[in-house]
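So the structure is just underneath, and the comments pick up after that.
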Amino acid sequence: MDIRIGHGYDVHALAEGLKLVLCGTEIEHTKGCVAHSDGDVAIHAICDALLGALALGDIGKLFPDTDERYKGIDSRKLLKHVVDLVTDNGYSISNIDCTIAMQRPKLRPHIDTMRERLAEVIGIGVDRISVKATTTERLGFEGREEGVSATAVTILIK
Ligand code: MG
């Protein structure tokens, strides 16, 4: 059996008046992520974990932010493309574990919706997708509500 692990990390700045989208789920908040795409920092971390496991670079390489085709794009489309690459390379996704660091708002009420949205795109059971949220105890850029970070790990199996 060929087993591969992948890790992803992403950060976006927060700004007033923008839509906040995490794991394909729109979340009511006064601020959203500044980005060329829809700014779904969690999906970007997951994409990078999957690409990392395949050693195929990162989403910046695959979907350059200078490319007008990706302006405002729903990040689920980027994720779908990356999942197709996993399949094309003969791997299946065993599981994904993602952590979002954000001071506010509380993400816990949205976690199950986020997992279901991801499962729809990725095509694996929701029991194989973990989404966790943490504050940073008001420390750092996340704690000052200047930005959001997300990390993700995944295991691929062939
Ligand atoms: Mg990003």
Side-chain angles (χ1 to χ4, degrees), residues 4-87 89 93 95-108 110-111 113-124 129-136 139-156:
R4 290 190 166 208
I5 190 165
H7 169 255
Y9 174 65
D10 195 31
V11 171
H12 280 268
L14 283 169
E16 293 285 347
L18 296 177
K19 248 192 338 191
L20 178 64
V21 183
L22 295 169
C23 300
T25 310
E26 202 176 321
I27 290 160
E28 187 110 10
H29 192 43
T30 54
K31 292 178 176 183
C33 288
V34 180
H36 185 67
S37 67
D38 65 358
D40 195 326
V41 63
I43 284 188
H44 297 173
I46 291 168
C47 286
D48 269 359
L50 295 167
L51 290 169
L54 296 169
L56 284 179
D58 56 50
I59 55 168
K61 181 180 163 191
L62 228 62
F63 313 109
D65 64 7
T66 47
D67 192 327
E68 281 302 305
R69 280 180 300 170
Y70 306 125
K71 196 166 166 46
I73 196 170
D74 183 334
S75 292
R76 285 177 293 183
K77 290 185 182 156
L78 308 182
L79 177 58
K80 177 73 174 75
H81 183 83
V82 172
V83 169
D84 287 344
L85 284 176
V86 171
T87 311
N89 281 272
I93 299 166
N95 74 306
I96 290 169
D97 184 15
C98 175
T99 302
I100 304 163
M102 186 168 203
Q103 191 63 41
R104 251 181 1 112
K106 280 274 174 255
L107 297 179
R108 184 158 307 152
H110 305 285
I111 292 287
T113 307
M114 290 179 181
R115 293 173 64 216
E116 282 160 20
R117 293 274 160 83
L118 291 173
E120 281 164 18
V121 181
I122 297 166
I124 60 174
I129 299 172
S130 160
V131 177
K132 311 190 300 299
T134 185
T135 72
T136 56
L139 296 168
F141 65 87
E142 300 99 328
R144 291 190 298 270
E145 299 181 38
E146 294 166 1
V148 192
S149 68
T151 59
V153 288
T154 188
I155 296 273
L156 305 185

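Note: hydrogens, waters and symmetry copies are ignored here, and every other heavy atom, side chains too, is used. Order of listing sets the numbers, starting from 1, for every ligand and every atom in it.
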For the residue pair H44 / D10, report whether a side-chain donor-acceptor contact shorter than 3.5 Å exists. yes
Distance from L20 atom CG to R104 atom CZ, nearest 0.5 Å? 11.0 Å
Tell me if a side-chain donor or acceptor on R117 pairs with a main-chain N or O of C23 at a distance below 3.5 Å. no
Would you say S37's side chain and Y70's backbone share a donor-acceptor pair under 3.5 angstrom? no
Atom pair CD1/CD1 of I122 and I96 - distance to nearest 0.5 Å: 3.5 Å
Under 2.8 Å from the Mg ion (ligand 1), the protein N, O or S atoms found are D10 OD2, H12 NE2, H44 ND1
Look only at the side chain of H12 and the backbone of V34, and say whether a donor-acceptor pair between them is shorter than 3.5 Å. yes
